Asker: 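Have a look at this one.
In listed order, ligands and their atoms are each counted from 1. Numbers for residues simply follow the sequence, beginning at 1. Please read these numbers as outputs of a predicted model, since none were measured by experiment.
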Amino acid sequence: MVADHFTHVSDWVFDLDNTLYPPAARLFDQIEVRMTNWVMRELGVDQPEANRLRSTYWREHGTTLAGLMRLHDVDPAPYLHDVHDISFDSLTPDPELARHIQALPGRCIVYTNGTAPYAEQVLAARGLSGLFDAIYGVEHADFHPKPDRAAFDTVFTRDGLSPKRAAMFEDDPRNLAVPHALGMRTVHVAPEALPSTVPTDHIHHHTDDLTGFLARLVNS
Ligand SMILES: [Mg+2]
């Protein structure tokens with residue numbers, strides 16, 4: 001039974017975007033437009049170049065912001081405020097998910113590469129406010145993003161979390177490598193499992209239904 005693999009878990013760590021809401025809500029479409037516009041405006045480049053820079057930074061530095069900070073000395077706070085200034089109208093409350101998160105034994109935290117204030121807005125729109133013991137954003141890791149080891153170390157140390165007694169739920173498989181190495185139970189949350197060509201040794205479980213997966217862990 002899948003629940004047998006989680007009996008030792010007392011700390012439940014959830015990514016935010018495309019994990020605590022379905023990718024069909026397409027919030028990232030809005031954020032990506034704002035990131036591209038920001039790069040065009042602040043770096044004085046055209047749209048194709050802005051998109052090329054963004055994809056290069058995402059691939060080589062983990063996020064657009066990480067590349068902007070390392071290569072252009074960008075101040076992260078105003079950038080993060082700007083790109084997360086989006087509409088949450090596509091999100092709907094999910095009482096079933098709320099019920100199953102609430103039923104988990106131990107502490108639940110959110111750890112996102114966005115910011116904590118942004119996470120609060122997303123959680124409110126999903127009816128998940130108040131369910132988490134802590135909410136960490138990229139600002140809590142000195143603006144180092146997942147998947148950097150240093151980012152996880154900073155946030156988990158700050159939280160006091162013991163990775164060997166923790167589980168991580170995440171849609172980006174890159175962000176499960178360090179949690180796995182730290183001894184966490186890892187769950188890939190995404191509509192599709194990864195293709196067999198992608199290394200998945202660091203992923204213990206895949207689910208396309210977070211609510212259903214959590215329901216199997218606890219009798220609730
Ligand atoms: Mg995500």
Asker: Side chains of Leu43 and Glu49, heavy atoms from C-beta outward: is any pair under 4.5 Å?
Answerer: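 The answer is no, as the side chains (C-beta and beyond) never meet within the 4.5 Å cut-off.
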Asker: Taking 4.0 angstrom as the limit, do Lys146 and Asp172 come out as a salt bridge?
Answerer: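 Salt bridge between Lys146 and Asp172, a charged N being under 4.0 Å from a carboxylate O: no.
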Asker: Please determine which of Asp17, Thr112, Asp85 meets the side-chain hydrogen bond (donor to acceptor under 3.5 Å, both in side chains) test together with Tyr118.
Answerer: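 Among Asp17, Thr112, Asp85, the one that satisfies the side-chain hydrogen bond (donor to acceptor under 3.5 Å, both in side chains) with Tyr118 is Asp17.
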Asker: Is the gap between the ring centers of His205 and Phe6 under 6.0 Å?
Answerer: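 Yes, the ring of His205 comes within the 6.0 Å limit of the ring of Phe6, centre to centre.
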Asker: Which of the protein's N, O or S atoms come within less than 2.8 Å of the Mg ion (ligand 1), not counting waters?
Answerer: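 Within the sphere that stays under 2.8 Å of the Mg ion (ligand 1), the protein atoms of type N, O or S are Asp15 OD2, Asp17 O, Asp171 OD1.
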Asker: So which heavy atom on Asp82 is nearest to which on Arg41, and how close?
Answerer: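 In this case the closest contact between Asp82 and Arg41 is OD2-NH2, 3.4 Å.
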Asker: Could you tell me if the side chain of Ile109 sits less than 4.5 Å from the side chain of Phe132, heavy atoms only?
Answerer: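 A side-chain contact is absent here, since even the closest heavy-atom pair is not under 4.5 Å.
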